[in-house]
Amino acid sequence: MQTDDMTDIATLQSELTKGIEAAETLDALEALRISALGKQGSVSGLLKTMGAMSPDERQVQGPIINGLRETVTAALAAKKAALETAVLNQRLATERHDMTLPAPETPRGTVHPVSQVMDELAEIFADMGFAVAEGPEIEDQWHNFTALNMPETHPARAMHDTFYMAAADGEEAKVLRTHTSPVQIRTMTSQEPPIRIIAPGRVYRSDSDATHTPMFHQIEGLVIDKGIHLGHLKWTLETFLKAFFERDDLTIRLRPSYFPFTEPSAEVDVSFSVENGKRVLGGTGGWMELLGSGMVHPKVISACGLDPDVYQGFAFGVGVDRLAMLKYGMDDLRAFFDGDLRWLKHYGFGALDVPTLSGGVGA
Ligand code: PHE
């Protein structure tokens, strides 16, 4: 071990630590760090010499050189922290934020009217003890048709302009569900009565004009229990529609109709009136057809493995988009699905808005 080297190292160390101590800016400190510990740095250079030393020499020099590196590293870190604190203190002492200035606007999205209406419906029916059920949009024909009393040859299958999926040889084609009624079947085959569910969701039919789009939304309602009759259906629909349209003077009328899966079946009309030249629901000006309903057909109840002599029920299905149009005044259904930001801003709802139905049913 040469005393010279040791002196050199001690000198280098004291030069470096003095330099570090004197550094006035973070940039100057960084330059010092590179000059010492960077690839070509003075300390790095010393570390490299250790490779060529004899074992004896390395035993003596190693700790000294490593000690140098540690001391310099620690001095750099301490100085860096001190300089950063100084910079922060300087900013705190000089910068002032005016908390009374308005915050910059951040772009905010809106809740789509379909989502809003589905939330309102779930809220109304939850108050009446209904749970929300779901089913797949790609459905098999048994759930979409057969179990709903629409056997293969049934002319009612032609009532729906069905989208059929491609099928492998010998397999039955699946369909895009043409209504939410298959959720009736899925619920009855997986749950014990009493059943009280609504099933909102997308449905598909090959149809397109101002009031029809190939994809639209329905909400299904189903109640299965002992002793359920048409009176329960009428009360439920009237209560729901009054709450939804927020009009106590809204009345409904059941008109005989036909659906394969309900018997008897009824088309439900709601009363409307003309206020300031505009049609609004409620009042006594006329009737408007709104939804399909009926008592669940005994064949449907038995297809689901239940005894129709024990259990009865009612079901209804209604277009969610149509409900939205009637309540919020849009006149072209196709605009619902165009994604035009101006339309969404105009008809959309703020995510933080108070729900319009916070009063709930009977409020
Ligand atoms: N599924 C029927 C339709 O889409 C509506 C409906 C549902 C009718 C339940 C009666 C009972 O047209």
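Whatever order the structure lists them in is the order used to number ligands and atoms, beginning at 1.
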Hey, what polar pairs (N/O, under 3.5 Å) does ligand 1 make with protein?
{"residue": "ligand 1", "atom": "1 (N)", "partner": "His179", "partner atom": "ND1", "Å": "2.9"}
{"residue": "ligand 1", "atom": "1 (N)", "partner": "Ser181", "partner atom": "OG", "Å": "2.9"}
{"residue": "ligand 1", "atom": "4 (O)", "partner": "Arg205", "partner atom": "NH2", "Å": "2.9"}
{"residue": "ligand 1", "atom": "4 (O)", "partner": "Gln218", "partner atom": "NE2", "Å": "3.0"}

Practice problem: Check whether NZ of the Lys or CZ of the Arg Lys174 lies under 6.0 Å from the centre of the six-membered ring of Tyr164 and within 45 degrees of that ring's axis. | Solution: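 No.
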Practice problem: Indicate, with yes or no, if the rings of Trp235 and His229 have centres closer together than 6.0 Å. | Solution: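 Not under 6.0 Å, so no.
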Quiz item: Can you name the one residue among Phe261, Tyr204, Phe216 that meets ring pair (Phe, Tyr, Trp, His ring centres under 6.0 Å) with His179?
Solution: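 The residue from Phe261, Tyr204, Phe216 that satisfies ring pair (Phe, Tyr, Trp, His ring centres under 6.0 Å) with His179 turns out to be Phe261.
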Self-check item: Separation between CZ of Phe125 and CD1 of Ile198, rounded to the nearest 0.5 Å
Solution: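 Answer rounded to 0.5 Å: 6.0 Å.
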Quiz item: Excluding sequence neighbours, so at least two apart, what forms side-chain hydrogen bond (donor to acceptor under 3.5 Å, both in side chains) with Gln312?
Solution: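 Partners of Gln312 by the side-chain hydrogen bond (donor to acceptor under 3.5 Å, both in side chains) criterion come out as none, since no residue qualifies.
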Quiz item: Val183, Phe163: one ILVMFWY side-chain cluster at the under-4.5 Å cut-off?
Solution: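 No; tracing contacts between hydrophobic side chains, which count when under 4.5 Å, never links both residues.
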